[in-house]
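Step one of this worksheet: look at the structure below.
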Amino acid sequence: MTTAQDTLATHIGYDVQAEMAVGSGDYTAYQLVTNRHHALGIRSNTAYLRGAIDVRHDFSPNLTLTGKVDVIGSIHADHKAYLQQCYANLRYKNFFIEAGTREEKPVMRDEQLSVGSFIKGTNAKPIPQIHIGTNGFWTVPYTKKWLQINIDFGYGHFLDGGYKESMFDGNRDVNFSYTDKVWYHQKHLYFRSNPDKRFFGVIGIEHAVQMGGTKHHFADGTMQETSKKANLKTFMKVILPLGNSDYYGDNAMEDWVYGNHVGVMTYQIGWNINRDHQLQAYLDNIFEDGSGIRKGNGWDGLWGLEYKNKKSGRQYIRGVVVEYFQSTNQCGPLHWDPNDYPEPVRSQITSMVTGNDNYYNHMFYDGYAHYGMTPRIALITSPIYNKDGFIGYRDNRVKAWHLGLNGEITPRLSYLVKGSYREGWGTYDNPISPKRHTFDAMVQGTYLMGAWTFSAAYALDKGTIYGDNSTFNIKIGYHGKIL
């Protein structure tokens with residue numbers, strides 16, 4: 001008879017993957033690149049070879065150690081070779097502690113169909129960190145399964161200082177400064193009622209902060225530096241974006257709180273129509289300061305409707321997502337807070353106007369990006385697409401519609417179709433006239449044959465944001481076991 005102890009073992013597996021994207025236009029079509037952790041380069045006619053080894057050891061039924069090393073080598077891409085993932089994860093029952101760089105899945109949004117999260121998205125290369133949390137939603141004891149929570153809390157470090165320095169060296173007339181050695185703090189907290197009931201709800205928050213770092217700027221013919229502290233006090237202060245009376249740096253306007261904060265508050269309701277079909281509606285309200293938290297940003301946010309078919313076996317329609325994203329309001333075009341300025345200005349103009357949040361941009365921390373890609377909603381065009389090398393966001397006032405659809409044609413053959421239409425008005429400080437627009441779409445088929453995975457796709461862009469791009473994509477993967 002097999003016992004639980006007999007099943008405890010060490011497992012070692014490996015993955016090998018090759019992908020190629022060829023076509024016309026300046027870029028690989030948007031839908032083939034977005035929300036894939038920047039694994040495939042944005043340049044047209046690119047390819048990569050990827051290899052990974054993953055290890056799992058079960059110390060007991062409740063205690064498991066896992067780890068992975070994942071390397072990508074590319075041609076005609078943004079990076080020639082890159083350590084994409086390298087992490088160790090120790091799990092005890094429903095909780096974990098992890099260190100390293102990992103491609104994490106979205107907390108709430110559908111990984112394949114949605115445009116993603118405003119904060120903890122999947123569009124950029126992962127940021128290395130140490131963090132703790134729950135493995136998905138954990139049912140709180142003594143609540144009769146009515147309350148579940150999902151928690152994550154950690155600190156990390158941006159790796160793209162060299163990339164930003166390379167953009168600065170050749171473009172001092174475009175990038176007047178850049179900031180490296182930047183630290184990172186992220187967390188989320190979600191509460192969910194029992195999802196097996198006819199109706200259920202989710203409410204929660206995601207929060208991320210850039211902190212510390214050294215700003216390099218060229219002035220009077222020389223390179224100058226301004227540094228922000230990244231000590232234990234800083235790590236504690238950024239947990240909540242509270243006021244900073246001693247002004248954390250020499251720029252009072254940017255330093256009334258520790259770090260550069262961005263966040264999203266989620267409100268979601270679900271309806272289990274029956275045991276096989278589920279419908280959910282949600283709002284991800286985005287914010288960068290108190291005015292956004294108070295919903296002073298109007299309709300800004302991600303508004304979505306999601307259908308899931310949970311029935312086993314082949315389903316021609318497995319899931320559908322329809323989303324509307326807006327970031328044009330930003331709590332109005334003007335910002336003035338007397339507390340941002342020292343005396344005597346503070347006493348002379350005492351009125352307050354809290355607007356012009358300028359999503360993802362910051363005077364000290366450049367753009368909220370990692371290697372030029374926004375880690376979050378890619379509908380706000382990433383700085384890597386700025387042809388002059390500018391490392392900030394030039395177009396963060398956006399309205400967009402998005403549709404995603406997937407299902408199975410046969411037990412082995414599945415499909416994915418998605419597309420977006422968006423319009424952009426630039427920023428409040430630097431508006432774009434006339435507004436820019438783009439339509440992008442993709443159709444993909446995936447075939448499973450034992451340990452092999454074959455995928456073929458076609459995607460296109462039409463408009464004035466990415467230009468007109470047409471891309472064919474082929475991907476082949478193999479998963480094997482060593483032990």
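Side chains included, hydrogens not; waters and symmetry mates left out as well; all remaining heavy atoms used. Predicted model, so just to flag it, every value in this text is computed and none were measured.
A parallel orientation is assigned to the rings of His207 and Phe287, their planes being inclined by less than 30° (bins at 30° and 60°). Between His79 and Tyr163, the ring-plane angle classifies as tilted under the 30° and 60° cut-offs. Note: Phe454 and Trp452 have parallel aromatic rings, judged against thresholds of 30 and 60 degrees for the angle between ring planes.
For the 3.5 Å distance criterion, the side chains of Asp152 and Gln186 qualify, holding a donor opposite an acceptor. There is a side-chain donor-acceptor pair under 3.5 Å between His185 and Lys187. Counted by atom type alone, Tyr458 and Ser470 present one or more donor-acceptor pairs between their side chains at under 3.5 Å. Inspection of the Gln326 and Thr328 side chains reveals an N or O donor paired with an N or O acceptor under 3.5 Å. Side-chain atoms of Tyr190 and Glu206 include a donor-acceptor pair closer than 3.5 Å. When only modelled atom types and interatomic distance are considered, Glu104 and Thr122 share no side-chain donor-acceptor pair under 3.5 Å. Side-chain contact annotation: Asp58 with Thr64, donor-acceptor N/O pair under 3.5 Å present. Checking His188 against Asn150 by side-chain atom types alone, a donor-acceptor pair falls below 3.5 Å.
The side-chain tip of Lys481 does not point at the ring of Tyr14 from less than 6.0 angstrom away and within 45° of straight on. Taking the ring centre of Phe96 as origin, the terminal cationic atom of Arg91 falls outside the region bounded by 6.0 Å and 45° from the ring axis.
Applying side chain to side chain contact (heavy atoms under 4.5 Å, CB included) to Leu83 and the options Val69, Leu159, Asp70 leaves one that passes, Val69. Applying the ring-ring contact (aromatic ring centres under 6.0 Å, His included) test between Trp401 and each of Phe439, Tyr421, Tyr324 identifies Tyr324 as the sole match. Of the residues Val33, Thr28, Leu40, the one that meets the side chain to side chain contact (heavy atoms under 4.5 Å, CB included) test with Asn473 is Leu40. Residue Lys68 forms a side chain to side chain contact (heavy atoms under 4.5 Å, CB included) with just one option from Asp54, Ile53, Val55, and that option is Asp54. Shown are Lys120, Arg50, Arg36; of these, the salt bridge (Lys or Arg N to Asp or Glu O under 4.0 Å) with Glu103 is made only by Arg50.
You'll find the side chain of Tyr282 stays beyond 4.5 Å of the side chain of Met108, heavy atoms only. A heavy-atom distance below 4.5 Å is not found between the side chains of Ile317 and Asn309. Contact check for Arg397 versus Tyr428: side-chain heavy atoms found under the 4.5 Å cut-off. With contacts defined as side-chain heavy-atom distances shorter than 4.5 Å, the pair Ile205/Val264 does not qualify. For the pair Ile127 and Thr101, the minimum side-chain heavy-atom distance is 4.5 Å or more. Looking only at side-chain heavy atoms (C-beta outward), Phe325 and Asp284 stay at 4.5 Å or farther from each other.
Centroid-to-centroid, the aromatic rings of Phe118 and Tyr368 stay 6.0 Å apart or farther. Checked against the 6.0 Å centroid criterion, the rings of Phe158 and His370 qualify as a close aromatic pair. Residues Tyr359 and Tyr393 keep their aromatic ring centres 6.0 Å or farther apart. Between Tyr155 and Phe235, the ring center distance clears the sub-6.0 Å criterion. Ring-centre distance between Phe200 and Trp271: not below the 6.0 Å cut-off.
With rounding to the nearest 0.5 Å, the separation of CG in Leu460 from OH in Tyr466 is 14.0 Å. For the atom pair Ile72 CD1 and Lys125 NZ, the distance stands at 5.0 Å (nearest 0.5 Å). Here the NZ-OG1 distance, from Lys475 to Thr453, works out to 9.0 Å after rounding to the nearest 0.5 Å. Put simply, CG on Asp357 and OG1 on Thr427 are 12.5 Å apart, with the number rounded to the nearest 0.5 Å.
Side-chain atoms of Ser327 come within 3.5 Å of backbone atoms of Val398 as a donor-acceptor pair (strictly under, hydrogens ignored). Remark: the backbone N or O of Asn272 is paired with a side-chain donor or acceptor of Arg198 at under 3.5 angstrom. Without hydrogens or angle criteria, Ser60 side chain to Leu63 main chain gives a donor-acceptor distance under 3.5 Å. A donor-acceptor pair is defined here as one N or O able to donate and one able to accept, closer than 3.5 Å; no such pair exists between the side chain of Thr46 and the backbone of Arg43. Ser74 places no side-chain N or O within donor-acceptor distance of the main-chain N or O of Ala77, the cut-off being under 3.5 Å. Distance alone, capped at 3.5 Å, is enough to place a donor-acceptor pair between the Lys295 side chain and the Asp300 backbone. Between the side chain of Glu408 and the backbone N or O of Gln315 there is at least one donor-acceptor pair closer than 3.5 Å. Side-chain atoms of Asn297 come within 3.5 Å of backbone atoms of Ile286 as a donor-acceptor pair (strictly under, hydrogens ignored). Side-chain atoms of His76 come within 3.5 Å of backbone N or O of Asn45 as a donor-acceptor pair. Formation of a donor-acceptor pair under 3.5 Å by the Gln17 side chain with backbone atoms of Leu49 is not found in this model.
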Please evaluate residues Ser114 and Glu306 with respect to the criterion side-chain contact (heavy atoms from CB on, under 4.5 Å), reporting the C-alpha separation (whole Å), side-chain torsions for both, the decisive distance (0.1 Å), and the verdict. CA-CA 9 Å; Ser114 173; Glu306 176 184 285; 6.0 Å; no
Val115/Leu302 under side-chain contact (heavy atoms from CB on, under 4.5 Å): CA gap, chis, key distance, verdict: CA-CA 9 Å; Val115 298; Leu302 180 66; 3.7 Å; yes
Criterion side-chain hydrogen bond (donor to acceptor under 3.5 Å, both in side chains) on His38 and Asp78, from CA distance to verdict: CA-CA 9 Å; His38 203 179; Asp78 311 311; 2.8 Å; yes
Candidate pair Tyr48 and Glu19, rule side-chain hydrogen bond (donor to acceptor under 3.5 Å, both in side chains), full reasoning: CA-CA 6 Å; Tyr48 70 74; Glu19 183 172 4; 2.6 Å; yes
side-chain hydrogen bond (donor to acceptor under 3.5 Å, both in side chains) evaluation trace for Arg102 with Gln85: CA-CA 5 Å; Arg102 183 179 189 175; Gln85 299 185 85; 5.2 Å; no
Pair Asn396-Gln330, side-chain hydrogen bond (donor to acceptor under 3.5 Å, both in side chains): steps then yes or no: CA-CA 9 Å; Asn396 60 18; Gln330 304 195 21; 3.1 Å; yes
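Under the 4.0 Å criterion applied to side-chain N and carboxylate O atoms, Glu423 and Lys399 are not assigned as salt-bridge partners. Note on Glu111 versus Arg109: no salt bridge recorded, every NZ/NE/NH1/NH2 to OD/OE distance being 4.0 Å or above. For the pair Arg436 and Asp395, the salt-bridge criterion is met [side-chain N within less than 4.0 Å of a carboxylate O]. One finds a salt bridge joining Asp26 and Lys387 here, because a Lys/Arg side-chain nitrogen approaches an Asp/Glu carboxylate oxygen to under 4.0 Å.
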What side-chain donor-acceptor pairs closer than 3.5 Å can you find for residues 376-385, not counting sequence neighbours?
unit_1, atom_1, unit_2, atom_2, d
Arg376, NE, Ile119, O, 2.4
Thr381, OG1, Arg422, NH1, 2.9
Ser382, OG, Thr374, N, 3.0

